Structure formats: C-alpha cells, structure tokens
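Beneath this line is the structure, given in structure tokens, with notes to follow.
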Amino acid sequence: MLSAGFMSLSLGGLASYLYVKHARTWDEVFEHDEPVVPGTTGMEHLGWIPLMCLMAFIVAYSLGFGAVPHLLMGELFPLEYRHKLSTISASFNLCCAFLVVRTFTPMNEALGVAGVYALYAACCLAAVLFVALLLPETKGRTLEEISHMFSRPSKRRVPNDEKCEPLN
C-alpha cells in the first residue's frame with residue numbers, strides 16, 4: 001500500500017509538471033514574475049522535478065509492486081498447485097507491464113503526456129484503495145492459517161469412508 005501511494009504521488013507530480021510546462025497559460029499564471037533570462041518561462045530551472053519523480057516511482061515500484069507477485073506466491077498458493085499458479089502469476093505480471101508499455105503511445109496521442117501520467121497516478125491510487133479495503137492482512141500468520149483464510153468452504157460433505165484423492 002505504501003508503494004502504491006508513493007507511486008501515485010510521484011506520477012501525479014510528474015503529470016502536474018508536464019501539464020504546467022505545456023499549458024498555454026503558464027505566462028498568465030506567473031506574469032508577475034520576471035524571468036531570469038529574457039524570453040524564457042522559468043521552467044528551465046525546474047528540470048530536476050521530472051527526474052526526481054521518475055526516480056521515486058522506480059524505487060517505489062521496485063520495493064513494492066514489482067516484487068509483490070513473486071512474494072505472494074509463497075503465501076497464497078497451496079503447495080500442490082504452487083508451481084502452476086506461480087507461472088500464471090509471473091506471466092500475468094509481465095503481460096500487464098507489456099500492456100502499459102504498448103498502450104503508452106496511443107494514450108499519449110489521445111490524452112497528452114500529462115494526461116497519461118495522471119491516468120497512471122489514478123490507477124496507482126485505485127491500487128491503494130484496493131489494498132487497503134479488500135486485501136486481508138497476512139502478517140504474523142502461519143501458512144496453514146493463510147491457506148484456511150483463502151480456501152472456499154466445500155458445498156458437499158464427503159463421508160468418512162469415501163476415499164478422497166488430490167487433484168492433478
């Protein structure tokens with residue numbers, strides 16, 4: 001949750017910077033300020049902001065959401081299905097990253113670069129809400145407790161004399 005929060009803040013800061021930089025009203029907003037160099041808007045002195053925002057995003061993603069699919073595999077998946085489900089989980093993570101990269105250019109043409117980063121920031125904010133409201137806390141619980149928490153109750157009862165075999 002902390003990772004998604006920092007990712008949302010950094011992408012929101014980047015979107016704000018790009019919006020202000022490309023806004024036609026920049027001179028109207030700061031018309032009382034005299035530029036340091038005649039003929040400039042003053043944005044040249046703030047060029048470090050997008051770099052810092054991107055660095056903060058990369059660090060927050062790497063420490064949180066980038067590692068989550070690999071960390072959760074050991075906690076959430078039952079031992080007998082872990083090898084298949086971990087492959088699906090890692091593949092889904094990489095497919096989502098591919099979709100973000102693949103759709104950037106069409107979204108940039110439709111929304112503008114500031115709009116794309118604002119949309120990404122909104123998605124990260126939605127991830128914060130999802131984690132805070134819908135995911136259960138597993139800290140301090142054993143694997144058996146976590147497995148029991150995520151298991152579905154069976155709809156039919158199996159008599160004691162009927163032999164049950166695991167699924168393959």
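Small disclaimer: the values here were computed from a predicted structure and weren't measured. Residue numbers run from 1 in the order of the sequence given.
- With S3 contributing its side chain and A60 its backbone, the two residues share a donor-acceptor pair below 3.5 Å.
- A continuous path of Ile, Leu, Val, Met, Phe, Trp and Tyr side chains, each step under 4.5 Å between heavy atoms, connects M107 with L11, placing both in one hydrophobic cluster.
- V116 approaches L111 most closely through the heavy-atom pair N-CB, 4.2 Å.
- Judged by distance alone, with hydrogens and angles left aside, the side-chain atoms of S10 form a donor-acceptor pair with the main-chain N or O of M7 at under 3.5 Å.
- In this structure, OH in Y17 is found 10.5 Å from CG in L51, a value given to the nearest 0.5 Å.
- Considering only heavy atoms from C-beta on, S89 stays 4.5 Å or farther from N93 through its side chain.
- In this structure, Y117 and Y120 have perpendicular ring planes: the angle between them is above 60°, well past the 30° mark.
- Cluster annotation: Y61 and F92 are assigned to distinct hydrophobic clusters (Ile/Leu/Val/Met/Phe/Trp/Tyr, side-chain heavy-atom contacts under 4.5 Å, transitive).
- Expressed to the nearest 0.5 Å, how far CG of L54 lies from CD1 of I49 amounts to 12.0 Å.
- Linking ILVMFWY side-chain heavy atoms closer than 4.5 Å, directly or via other members, places V131 and L129 in two distinct hydrophobic clusters.
- Counting heavy atoms from C-beta outward, P50 and L18 have side chains that stay 4.5 Å or more apart.
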(request) I would like to know whether F57 and C53 meet side-chain contact (heavy atoms from CB on, under 4.5 Å); could you show each step before the answer? (result) CA-CA 6 Å; F57 173 80; C53 288; over 6 Å; no
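- Heavy atoms of other residues, nucleotides or ligands lying less than 6.0 angstrom from CZ of R82 number more than 12.
- Summarising the geometry, atom CZ belonging to F65 is positioned 10.5 Å from atom CG belonging to L2; distances are rounded to the nearest 0.5 Å.
- Considering CD of E109 and CZ of F104, their distance stands at 10.5 Å, rounded to 0.5 Å.
- Atom CD1 of I58 sits about 11.5 Å away from atom CG of L63, to the nearest 0.5 Å.
- Residues L14 and V113 fall within the same hydrophobic cluster, defined by Ile, Leu, Val, Met, Phe, Trp and Tyr side chains chained together at heavy-atom separations under 4.5 Å.
- When hydrophobic clusters are built by joining Ile, Leu, Val, Met, Phe, Trp and Tyr residues whose side-chain heavy atoms come closer than 4.5 Å, directly or via intermediates, V100 is not grouped with L94.
- The shortest distance between side-chain heavy atoms of T87 and H83 does not fall below 4.5 Å.
- F6 has its side chain out of reach of M1: every pair of non-hydrogen atoms, C-beta onward, lies at least 4.5 Å apart.
- At distances below 3.5 Å, not a single donor-acceptor pair connects side-chain atoms of S8 with backbone N or O atoms of A4.
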